[in-house]
Amino acid sequence: MALTVLGISTSPRQRGNSDLLLRQVLAGAESAGASTEYLSLQGLRIAPCQACNACFKTGVCRVADDFPAVFDKLLAVDRLVLASPVHFMAVSAQAKLLIDRCQCLWARKYILHQPMFPEGARDRRAMLIAVAGSRSTNMFRCLSLTMQSWLDAAAFDYALNLFVNQVDERGAVMQHRAALDEALRLGAELVSGDKPGSEPRTVECFDGGKGSS
Ligand SMILES: Cc1cc2nc3c(=O)[nH]c(=O)nc-3n(C[C@H](O)[C@H](O)[C@H](O)COP(=O)(O)O)c2cc1C
């Protein structure tokens, strides 16, 4: 059966830069034989974690909104791609809402000591796409640390990063040939590459597209 890949777009902008790169990554994953699903958080109602700690007893979040539908997909897939703009050095607020609600997974692992998959560990891998407007290159670290912590709770190996700076206007990344090519290639790598090591492999496109043809 084909591997399944879930791509989650977390930008507030429709067809924004991170979203466009996500679509490329999913196209690359499909070219490697995977079955892909694109999901945008736009229009979904996901409330902030209330820190009620109900999940410390049950392993389940008790807040009733659109989160459970996304959560079920997160548990089911073989590969995950999170696409986020850099907002004040961090993931988008939309991404953070989703990540924080996965506190129930942290509770399952570290409080309840429940195996995520009782039938045995699965080969699950994840990738972060992060896009920023400025020339700064150190701002991606914050997103990577957040991702690392989230993926540990959600039972994914952190395989890949694609970081692109100096793209600000909506759709500007379509002029960035190198970033688009890397996205396509990394989508295939996420599906059929070697098992990741302890650190993700990071591809940086930091020239604003000027160095690409
Ligand atoms: C609220 C907000 C905060 C931002 N913070 C940063 C930032 O800290 N560093 C940066 O380089 N760009 C920042 N930007 C610019 C975006 O990262 C940039 O426009 C990016 O291309 C947006 O990606 P998107 O089209 O996928 O939404 C910010 C934009 C917004 C709206």
Side-chain angles (χ1 to χ4, degrees), residues 5-30 36-49 66-67 70 73-74 79-102 126-151 158-187 189-190 200 202-213:
V5 182
L6 174 65
I8 303 183
S9 181
T10 74
S11 170
R13 293 204 289 201
Q14 273 183 353
R15 299 192 83 81
N17 296 314
S18 55
D19 183 273
L20 292 166
L21 287 174
L22 173 61
R23 291 168 193 270
Q24 280 285 101
V25 167
L26 293 180
E30 282 193 17
T36 66
E37 179 177 355
Y38 166 90
L39 175 74
S40 170
L41 296 188
Q42 270 187 26
L44 294 188
R45 235 172 14 97
I46 298 181
C49 170
D66 292 332
F67 171 70
V70 182
K73 291 178 193 290
L74 271 181
R79 303 286 187 265
L80 171 69
V81 188
L82 187 87
S84 178
V86 174
H87 282 176
F88 287 97
M89 304 278 178
V91 292
S92 68
Q94 289 80 352
K96 194 62 165 57
L97 288 172
L98 172 66
I99 289 169
D100 287 359
R101 288 288 294 285
C102 291
M127 171 177 178
L128 169 66
I129 300 168
V131 168
S134 76
R135 301 178 70 90
S136 169
T137 56
N138 67 2
M139 60 201 155
F140 297 97
R141 183 161 163 68
C142 171
L143 284 78
S144 190
L145 287 171
T146 300
M147 194 76 177
Q148 192 182 321
S149 170
W150 181 46
L151 296 176
Y158 191 177
L160 295 168
N161 286 316
L162 175 60
F163 295 154
V164 183
N165 72 353
Q166 297 184 72
V167 282
D168 210 6
E169 296 304 315
R170 175 167 40 193
V173 79
M174 294 309 284
Q175 308 306 317
H176 200 318
R177 194 66 256 164
L180 294 170
D181 289 350
E182 287 290 1
L184 204 60
R185 208 179 48 69
L186 290 172
E189 182 175 328
L190 185 66
T202 298
V203 173
E204 297 167 338
C205 295
F206 283 169
D207 63 357
K210 294 175 204 74
S212 56
S213 54

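One-based numbering, in listed order, for ligands and for the atoms of each. By convention here, the first residue in the shown sequence is residue 1.
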*Checking side chain to side chain contact (heavy atoms under 4.5 Å, CB included) for the pair L128/F163: CA distance, chi angles, key distance, verdict?*
CA-CA 8 Å; L128 169 66; F163 295 154; 3.7 Å; yes
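- Ligand 1 places these atoms under 4.0 Å from at least one heavy atom of F88: 3 (C), 4 (C), 5 (N), 6 (C), 7 (C), 8 (O).
- If you check which protein heavy atom lies closest to atom 26 (O) of ligand 1, you get S18 OG, 2.6 Å.
- A donor atom on one side chain and an acceptor atom on the other are not found under 3.5 Å apart for S18 and S84.
- Proximity of V203 to N161: side-chain heavy atoms (C-beta onward) are nowhere separated by under 4.5 Å.
- For atom 15 (C) of ligand 1, the closest non-hydrogen atom on the protein side is D168 OD1, 3.5 Å.
- Looking from atom 2 (C) of ligand 1 to the surrounding protein, the closest heavy atom is H87 CD2, 3.4 Å.
- For ligand 1, the atoms lying closer than 4.0 Å to a non-hydrogen atom of M89 are 8 (O).
- No hydrogens or angles considered: a donor-acceptor pair under 3.5 Å links the side chains of S9 and D19.
- Residues Y158 and M147 are in side-chain contact: their nearest non-hydrogen atoms beyond the backbone lie under 4.5 Å apart.
- Scanning the protein heavy atoms around atom 23 (O) of ligand 1, the nearest turns out to be P85 CB, 3.3 Å.
- Of the protein's non-hydrogen atoms, the one nearest atom 12 (N) of ligand 1 is G133 N, 3.2 Å.
- R185 and D181 are not joined by a salt bridge, as no carboxylate oxygen comes within less than 4.0 angstrom of a charged side-chain nitrogen.
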*Checking side chain to side chain contact (heavy atoms under 4.5 Å, CB included) for the pair R101/I46: CA distance, chi angles, key distance, verdict?*
CA-CA 8 Å; R101 288 288 294 285; I46 298 181; 3.8 Å; yes
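- Contact atoms of ligand 1 toward M139: 9 (N), 10 (C), 11 (O) (distance under 4.0 Å to a heavy atom of the residue).
- By the 4.5 Å heavy-atom criterion applied to side chains, V91 and P85 are not counted as neighbours.
- Taking distance alone, with nitrogen or oxygen atoms compared against 3.5 Å, R170 stays at or beyond that limit from ligand 1.
- Against a heavy-atom cut-off of under 4.0 Å, G16 is close to the following atoms of ligand 1: 25 (O), 26 (O).
- Contact atoms of ligand 1 toward S11: 24 (P), 26 (O), 27 (O) (distance under 4.0 Å to a heavy atom of the residue).
- K73 has its side chain out of reach of I8: every pair of non-hydrogen atoms, C-beta onward, lies at least 4.5 Å apart.
- If you check each of V173, I129, V86 against atom 6 (C) of ligand 1, the one with the closest non-hydrogen atom is V86.
- If you number the atoms of ligand 1 from 1 as listed, the ones under 4.0 Å from a heavy atom of V167 come out as 18 (C), 20 (C), 21 (O).
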